[in-house]
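Step one of this worksheet: look at the structure below.
Chain letters run A, B, ... following the sequence lines, proteins first and then strands; every chain starts at 1. Since the structure is predicted, the reported quantities are computational estimates derived from the model, not experimental observations.
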2 protein chains.
Amino acid sequence: MAKRPAGIPVTLPLDARSGATLQRQVYDGLRAAILAGRLRPGTRLPSTRSLAADLAVARNTVTAAFGQLVAEGYAEARVGAGTVVARALPDDLTKVAARLALDNGGTPVRNRPRISRRGRSLSAARACCDLPTLRPFQPGWPALDQVPLDLWWRLAMRVGRRLGRELLGHGDPAGYPPLRKAIAEYVAVSRGVRCADVQIVVTSGSQQALYVAAQVLLDPDDVAWVEDPAYPGTVNALRAAGARLVPIPVDAEGIDVRFAEARRPAPRVVAVTPSHQYPLGVTMTLARRLELLRLARRARAWVLEDDYDSEFRYSSRPIPALQGLDQDGRVIYLGTFSKTLFPALRLGYAVVPADLVRPFTAARSVLDVHSPVLEQAVLAEFITAGYFERHLRRMRTLYAERQQVLLEEARRHLAGLLELAPSGAGLQCVGWLAPGLDDRTAARAAAAHDVDVTPVSRFALRRLSRPGVLLSFGAFEPRQIRAGVQRLADALRDLRNGRFADEVTAGRGPEPTPHRKAASA
Amino acid sequence: MAKRPAGIPVTLPLDARSGATLQRQVYDGLRAAILAGRLRPGTRLPSTRSLAADLAVARNTVTAAFGQLVAEGYAEARVGAGTVVARALPDDLTKVAARLALDNGGTPVRNRPRISRRGRSLSAARACCDLPTLRPFQPGWPALDQVPLDLWWRLAMRVGRRLGRELLGHGDPAGYPPLRKAIAEYVAVSRGVRCADVQIVVTSGSQQALYVAAQVLLDPDDVAWVEDPAYPGTVNALRAAGARLVPIPVDAEGIDVRFAEARRPAPRVVAVTPSHQYPLGVTMTLARRLELLRLARRARAWVLEDDYDSEFRYSSRPIPALQGLDQDGRVIYLGTFSKTLFPALRLGYAVVPADLVRPFTAARSVLDVHSPVLEQAVLAEFITAGYFERHLRRMRTLYAERQQVLLEEARRHLAGLLELAPSGAGLQCVGWLAPGLDDRTAARAAAAHDVDVTPVSRFALRRLSRPGVLLSFGAFEPRQIRAGVQRLADALRDLRNGRFADEVTAGRGPEPTPHRKAASA
């Protein structure tokens, strides 16, 4: 026998101006009362007729609300006893109330396992989760003010109108076909890459290409050679695949193949940045490229060629990509539009041997299916209409000028403190610190003067012989570069003269200069 | 002593109308001759003066081209002997010629390792790499013709103009903050999810959320419970993490918790689709939800709640999400905009306990850094301006009507062949086949009549007791649905009457009806 109605909430807070229907408001009010324990399990609800009268709503409204409570298990319809609050699961339902009352975000945590070892290892990834700030000489930023944004939007509208719903459905996990074609033509002409359209796998930036390549090529404990110092994104991707990383030094010609040759066990993957070694800026010579390919052949290894910054070459025409020199189909060539257009675009590509297209695409479809199609279509149009080449030419001139400004200012103001090595390519160059100056301390001193230089030692896997810092010039106007050099000079002079108290070491501010700075949140 | 110039290619094919500079043409011609072996190692090149005269170009042009050949290692400058073709690496260089001559795409493959076990396993992933075609009753498609595309572009322009370059730089790997906020508000109101903005991790579709969750929560050989039959994307993501999958049957209330309870070892993750079980269409009852949470607490397991299709509910208001009922912070709630807007958008989200935001974000930054920012910003605007809710309301009505058409047509034309179960939610329903009909054969018979039905057994991990097929109605207009049902009736009648020769079984066409169909390429 059901209990008599007790403290029935006939004063449900109905609000005619609320967006919710009256039925929903009745349902919500009763459900809240059940969850809060005000209506106990087994309690009989008032008749629909009397509740409708109390609430001054149509009886149908109440009937429908009751129906829903029953359908969802909050109440039960009993023959001869009307509708009663469900007896089942009362504990759980009332505990939910406490849960619902919790402040947002203050999720309680009980009886849970730890996250996976992999999850913990990912959490410790290098330079992740933080947002970089845009100030001299923070690396990773192209000249965003030069992106032809109006043109981009016009193309987006045009492409959208022409293709419309074609672009809304499921896309090819290997990429939007016209974009694959445009990329294949571009890398063939500009980088000597030999490939058919089908060998292009569009990725969400080169980071995803690195990740997919590592997953597809490496099993846990396989050996991967990396340049030392190395790009953190490469290190992270290889580590996420469980690879054993063997750091190989970099000399004036690139990765030191002779040094590497003696290492055992042989690598399964060799990861390099031939156009513009990250972070040292060395361009791998042709001789070294051929040596590396020979070595990889002997070792039966894959070569991961991250050809970032190849587009901005100042000294001579680019040396052909390893991919174009490869005779065995062992090179995976990676490129990105993050620097040539803008980072937020998240589009890059891998050029893979034909037999690897399927595993790469399969991995992609398990990871995230494919990249957004609209942006791929706009980019395809941007390239095929010739805007991309034009933008690259303009940027090449602009970046060459900006590097000149930086080099001249450095000669004038940083002599004896920092020796800047001109870079033949890309958006950044290395400054070697005067003897006695440590690069991490220098970076902190610079940060205290509102200028960002990135310690090269941060990218080192082993101890580096020479302390240096990375200065990126691409995103900054000449006046910003001049002011930045002045501030850096002040900072380094303070440091040399013992006037910089390294407060970070003492556990107090100012913040160190991370590669990617923390966001406000 | 360098050899005398022999067959010097003074007839380099220079073309004044070519886009390339004369210097580049000279360089290209000489390099091609070296690579083709026409200029042998050690061969002395003609003097810059005589070559310039032969080619009728400025001497500077030739000097610069020579300089580049030397810089890149193709030639050497010898004191007293002018410029000679490099002796080093002749074998490699000439072999390159053969490589360069290869037809595009015909990458030769030599001395390479196999791809990783993981890569091979990914290649075998379910339903990957193929493109679905849009014909009745292919699942996975919302009504693309209903997407307010003009409005979307107008918002894109407006957002682009207002924010411009703010949207071009590096974004937050957890997602564009206004979008996180908009999603947090939406899931709280519509799904009873309890969370703060910071608990939202924007992902590239729910597939990426599944993948990241599996990576962060599961170590190899950890046990994961999945519904049987199950969504292939979930199975793929869990397998990619190396999990041991334990299939749990689904009954009329959802995953069979009592059946599961007895299984050992205990799961670390339980993956479910409570709003609309994929593919059976069951909505998990409140009672079952609470049982599942109790069981997960006892097992100390995570719960992966893929709340797909929760937005389109026809029968009653949605039952609150597991996440909102959870008291322990063990539920990872996943949603996607692929069905509510369009698949090509590639945006979804995970709502995670606050302490999991960091590992999820870290994983994201190693996988692909973050989702494209422009589309996130447009979507944020679309939601906060109220267009999303309006679109959902319109679609809910439209889909309810389309399901009605399908159910009525089926009643009229498929009686005795296929019993269609009305679906309380989502874009598809299950049709149970008459006794004696096999679902894969039925799908092939349907394909022979240009209609797509997906065998439920394709999603089964163990043998299913009852053969059924999935029919999706959301993307098709009533006339398409009517025609599709007619064709399906013809197909099933043929099959029942033994008039369908199952040619696939005999190794010839027609094609089976894959979940995602092969593209033309």
Interface moiety of Leu356(A) toward chain B, non-hydrogen atoms closer than 4.5 Å: side chain
At their closest point, which heavy atom of Ala362(A) faces which heavy atom of Leu122(B), and how far apart are they? CB-O, 3.3 Å
Has Arg346(A) got a side-chain atom pairing as donor or acceptor with Val373(B)'s backbone, closer than 3.5 angstrom? no
Any non-hydrogen side-chain atom of Tyr74(B) less than 4.5 Å from a side-chain atom of Leu286(A)? yes
Heavy-atom distance under 4.5 Å to chain A: side chain of Ser371(B), backbone, both or neither? backbone
Partners of Asp145(B) by side-chain contact (heavy atoms from CB on, under 4.5 Å), sequence neighbours excluded? Arg165(A), Ala143(B), Arg402(B), Glu477(B)
Quick one: of Tyr211(A), Tyr176(A), Phe360(A), who has the most non-hydrogen atom pairs under 4.5 Å with chain B? Tyr211(A)
Structural part of Pro220(B) lying under 4.5 Å from a heavy atom of chain A: both
Looking only at heavy atoms, which two atoms of Arg358(B) and Ser123(A) are closest? And how far apart? NH2-O, 2.8 Å
Go through the steps for Trp141(A) and His170(B) under the test side chain to side chain contact (heavy atoms under 4.5 Å, CB included), then give the verdict. CA-CA 8 Å; Trp141(A) 296 92; His170(B) 297 277; 3.6 Å; yes
Smallest heavy-atom separation, Pro359(B) atom then Gly119(A) atom, equals CB-O, 4.3 Å
Tell me, side chain or backbone of Ala209(A) under 4.5 Å from chain B's heavy atoms, or both, or neither? neither
Within a strict 4.5 Å, meaning less than it, do heavy atoms of the Trp152(B) and Leu374(A) side chains meet? yes
Choice from Arg161(B), Gln376(B), Glu375(B) maximising heavy atom contacts with chain A below 4.5 Å: Glu375(B)
For residues 113-123 of chain A, which residue pairs qualify under salt bridge (charged side-chain N to carboxylate O under 4.0 Å, His left out), counting only residues two or more places apart or in two chains? Arg117(A)-Asp219(B)
So, the part of Ala241(A) with a heavy atom under 4.5 Å from chain B: the answer is both
Minimum heavy-atom distance Ala240(B)-Val366(A), with the two atoms named: CB-CG1, 4.1 Å
Of the backbone (N, CA, C, O) and the side chain (C-beta and beyond), which part of Asp355(A) lies under 4.5 Å from a heavy atom of chain B, both, or neither? side chain
Honestly, the part of Leu144(B) sitting under 4.5 Å from a heavy atom of chain A is both
Sort Leu367(B) into side chain, backbone, both or neither according to what part of it lies under 4.5 angstrom from a heavy atom of chain A. both
Side chains of Trp302(A) and Ile115(B) in contact at under 4.5 Å (non-hydrogen atoms): yes
Taking side chain as everything from C-beta outward and backbone as N, CA, C, O, which of these in Ala475(B) sits under 4.5 Å from a heavy atom of chain A? Side chain, backbone, both or neither. neither
Picking from Pro113(A), Ala296(A), Ala64(A), Pro142(A), which has the most non-hydrogen pairs under 4.5 angstrom with chain B? Pro113(A)
Looking at Ala301(B), is its backbone amide N or carbonyl O close enough to the side chain of Arg112(A) to form a donor-acceptor pair, meaning the two atoms are under 3.5 Å apart? no
Option in Gly67(A), Ala237(A), Gly169(A), Ala214(A) with maximal non-hydrogen atom pairs under 4.5 Å from chain B: Gly169(A)
With no hydrogens and no angle check, is any side-chain donor or acceptor of Ser204(B) less than 3.5 Å from a backbone partner on His370(A)? no
So how far is it from Arg364(A) CZ to Gln207(B) CD, rounded to the nearest 0.5 Å? 11.5 Å
Counting C-beta onward and ignoring hydrogens, is there a side-chain heavy-atom pair between Leu168(A) and Leu149(B) closer than 4.5 Å? yes
